[in-house]
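Reading through the structure tokens given below for one structure.
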Amino acid sequence: MRAQSLVVACGALALCLALTGATNPGFVVRITQAGLDYAHQHAIAILEKELARLKLPDISGDFRFLGKVYYQISNLDLRTFHLPHSQISLVPNVGLQVSISNAFAELNGNWRVNRSSGSFNLKVENVYIRINLRLGSDSSGKPTVDTSSCSTRISKVRVRFLGKLSLVYNLFKKAVESRLRKALEGKVCDNVAKAVRNELQPYARTLPVTARIDSMTGIDYALVASPTATARSLDTGLKGEFFSLAHRATVPFPPLPLGLPPDHERMVYFGASSYFFNTASFAYHSAGALVFEISDSMIPGGADFRLNTSTFSAFIPQLETMYPKLPMKFRLSTRSAPFLSIGPGGFSLQPVVDVQAYAILPDATLAPLFLLSLTTNVSAVVDVTSGHIVGSLTVGRIKLSLKQSDVGAFQVRTLQSIMNIVASKILLPRVNARLGEGFPLPLPDRIQLSNILVRFHQNFLLLGADVQFQPQIGR
């Protein structure tokens, strides 16, 4: 498959990293001029090679020299196309513009005049190309890109005929130069439009508009509006919403307004709002993933207790007579999805967890013992690894209260040390293992991130990064 052109590489990077969502998006992406310049830097050589593949039609005509003389120009071979000066820029409220100046090319061909024939060399100089790209989205939220306009102007064309009869050559030289100039100007823009249609648009659609996370949840990264070009960046919002794969329910809270700070040092910025993370909590809760069952086999070997009625009868004497020497089980769950907030100091989460204790009877049925309410403060560390947002949680001091008891009254504080171990040594590692796998960022194929920046702002997390594009081998 042919190499992507400058327009393809730059436009794909800009379009695919710039995504849009709801009226107030849950996720915002900004690509800066530095990101566009990086794409331009790596793509200029590719464009030169692609323009060198232009196919020009044969040309024929006539001129008067002691009567009508017919000529034919054929086998035009465009050997090189050099682009010494070019840039890609943002056009506010429009999209992207690629401007190329002082380009030059060289081609060879064959000529025939009546019965005479030979070859010629053509030098094309002072070529100016301007391409405007329009970015948008379709009804399904997938990205779209097309060429809104393209113009090519060639200031100088010089033909050098090889062979004899130079007087005859000069009689139709100007006509040949003029026709070759017009043919080349038209073909350049034809190739640009074709590259956008056949290469850029399919590449843009490699963006995971809906990203499957695991067997329970996915993320909706659909575009719902066109990217907005400003003087310094291309800003777009994402829907940025997690959902349950089994049953997609309407999120019961709206996204708050989200505006990125005027940072432009990195090539791309991601703004992940509190709405984005809270829909993750809502989706996992809806999928039943926030229910954890803990049995004795999960208790660490070095712990000074076992999960059975013999251990707990030291705190709840009634168990010794009601359920002697029976294994126990905890079921941890939340009545509603935990809600987090984001501020300059980081994440803030105060989950309320129900801890239902059971005795496991000889016939494997469960006998309810007591129901505790567990509250704590949770903090988080966030990073980006392999294009995924990853994190880990730390649990603060745990507070317990008794909500219900089927075995009579007892002092809840006596269970504090046990619940500390359950939370920090059993529950937390399971949650952090999942967070360590991360959640994918909306990136098209062959894009890698480096030089990661992580900052917390009011109601959103800001991630900055530089971009590395990995060319496809063989292109």
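Just so you know, residue 1 is the first one in the sequence shown, and it goes up from there. As the structure is a computational prediction, the values presented were derived from the model and not from experiment.
The heavy-atom pair separating Gln356 from Phe370 by the smallest distance is NE2-O, 3.0 Å. The heavy-atom pair separating Gln33 from Ser89 by the smallest distance is OE1-CA, 4.1 Å. In terms of heavy atoms, Pro255 sits closest to Asn24 at CG-O, 2.7 Å. The minimum heavy-atom distance between Ile342 and Ala272, with the atom names listed, is CD1-O, 4.1 Å. In terms of heavy atoms, Thr236 sits closest to Pro227 at OG1-CB, 3.3 Å.
Counting only heavy atoms from C-beta outward, the side chains of Val412 and Leu372 approach each other to under 4.5 Å. Contact annotation: the side chain of Thr375 never approaches that of Pro351 to less than 4.5 Å [non-hydrogen atoms, C-beta and beyond]. Counting heavy atoms from C-beta outward, Leu238 and Phe276 have side chains that stay 4.5 Å or more apart. With contacts defined as side-chain heavy-atom distances shorter than 4.5 Å, the pair Leu256/Leu258 does not qualify. Pro143 is not listed as a side-chain neighbour of Ser137, based on a closest heavy-atom distance of 4.5 Å or more. In this structure, the side chains of Glu241 and Ile219 stay at 4.5 Å or more apart for every pair of heavy atoms. A 4.5 Å side-chain heavy-atom check between Leu223 and Lys142 finds every atom pair outside the cut-off. The closest side-chain heavy-atom distance from Val145 to Arg134 is not below 4.5 Å.
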Original post:
Can you list the steps and then say if Arg434 with Asp214 is a salt bridge (Lys or Arg N to Asp or Glu O under 4.0 Å)?
Top reply: CA-CA 10 Å; Arg434 176 62 192 88; Asp214 48 38; 3.2 Å; yes
**OP:** List the steps and the verdict of ring pair (Phe, Tyr, Trp, His ring centres under 6.0 Å) for Phe330 and Phe292.
**Re:** CA-CA 8 Å; Phe330 285 150; Phe292 301 92; over 10 Å; no
Subject >> Test side-chain contact (heavy atoms from CB on, under 4.5 Å) applied to Val127 and Arg153, step by step >> reply: CA-CA 6 Å; Val127 181; Arg153 180 170 58 88; over 6 Å; no
Subject >> Trace of the salt bridge (Lys or Arg N to Asp or Glu O under 4.0 Å) decision for Arg197 with Asp146 >> reply: CA-CA 7 Å; Arg197 182 174 60 253; Asp146 59 27; over 6 Å; no
**OP:** Step by step, work out the side-chain contact (heavy atoms from CB on, under 4.5 Å) result for Leu441 and Ile389.
**Re:** CA-CA 7 Å; Leu441 289 167; Ile389 301 177; 3.6 Å; yes
**OP:** Go through the steps to decide whether Asp235 and Thr228 satisfy the test side chain to side chain donor-acceptor pair (under 3.5 Å), and finish with yes or no.
**Re:** CA-CA 5 Å; Asp235 291 355; Thr228 301; over 6 Å; no
Subject >> Verdict with supporting geometry, Asn198 and Tyr203, side chain to side chain donor-acceptor pair (under 3.5 Å) >> reply: CA-CA 9 Å; Asn198 295 339; Tyr203 178 73; over 6 Å; no
Original post:
Could you go step by step and tell me if Leu369 and Phe312 meet the side-chain contact (heavy atoms from CB on, under 4.5 Å) rule?
Top reply: CA-CA 11 Å; Leu369 302 178; Phe312 278 77; over 6 Å; no
Original post:
Tyr275 and Phe253: ring pair (Phe, Tyr, Trp, His ring centres under 6.0 Å), yes or no, with the steps?
Top reply: CA-CA 8 Å; Tyr275 175 84; Phe253 46 87; 5.7 Å; yes
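Separating the CE atom in Met322 from the OG atom in Ser313 is a distance of 12.5 Å, to the nearest 0.5 Å. Distance OG/Ser148 to CD1/Ile131: 10.5 Å, rounded to 0.5 Å. Taking CG of Asn132 as the reference point, atom CZ of Arg130 lies at 7.5 Å (rounded to 0.5 Å). How far CG of Leu135 is from OG of Ser226: 8.0 Å, rounded to the nearest 0.5 Å. Rounding to the nearest 0.5 Å gives a distance of 8.5 Å between CD1 of Ile447 and CD of Gln470.
In this structure a side-chain-to-backbone donor-acceptor pair under 3.5 Å is present from Ser273 to Gly26. Of the possible polar contacts, one joining the Gln318 side chain to the Ala409 backbone as a donor-acceptor pair under 3.5 Å is found. Between the side chain of Ser405 and the backbone N or O of Val407 there is at least one donor-acceptor pair closer than 3.5 Å. In this structure, Thr376 contributes its side chain and Arg397 its backbone to a donor-acceptor pair below 3.5 Å. Arg266 contributes a side-chain N or O that, together with a main-chain N or O of Asn451, makes up a donor-acceptor pair within less than 3.5 Å. Judged by distance alone, the side chain of His388 and the main-chain N or O of Ser386 form a donor-acceptor pair under 3.5 Å. Between the Ser244 side chain and the Thr217 main chain, no donor and acceptor come within less than 3.5 Å of each other. With Thr230 contributing its side chain and Ser233 its backbone, the two residues share a donor-acceptor pair below 3.5 Å. For Ser99 (side chain) and Gln87 (main-chain N/O), no donor-acceptor pair under 3.5 Å exists by modelled atom type. Between the side chain of Ser274 and the backbone N or O of Ser341, no donor-acceptor pair lies under 3.5 Å.
When the shell of 6.0 Å around CZ of Arg413 is examined, it contains 12 or fewer heavy atoms from other residues, nucleotides or ligands. Atom NZ of Lys425 sits in a sparse spot, with 12 or fewer heavy atoms from other residues, nucleotides or ligands closer than 6.0 Å. The local environment of CD in Glu265 is sparse, with at most 12 non-hydrogen atoms from other residues, nucleotides or ligands closer than 6.0 Å.
The existence of a salt bridge linking Arg205 and Asp138 is confirmed by a sub-4.0 Å separation between a basic side-chain nitrogen and an acidic carboxylate oxygen. Salt bridge status for Lys329 with Glu293: present, with a side-chain N to carboxylate O gap under 4.0 Å. Salt bridge Asp263/Arg30: absent, no basic N to carboxylate O contact under 4.0 Å.
Between Tyr284 and Phe242, the two ring planes are tilted [angle within 30° to 60°]. Aromatic ring orientation, Phe460 versus His457: parallel (interplanar angle below 30°, classes split at 30° and 60°).
The six-membered or imidazole ring of Phe243 lies away from that of Phe282, with a centre-to-centre distance of 6.0 Å or more. Within the 6.0 Å centre-distance limit, the rings of Phe347 and Phe456 are counted as a close aromatic pair.
Side-chain contact of Thr210 with Tyr221: a donor-acceptor pair under 3.5 Å is absent, judged by distance alone. Looking at Asp466 and Tyr38, their side chains never bring a donor and an acceptor atom within 3.5 Å of each other. Between the side chains of Thr311 and Asn308, at least one donor-acceptor pair of N or O atoms lies under 3.5 Å. There is no side-chain donor-acceptor pair under 3.5 Å between Arg455 and Tyr269.
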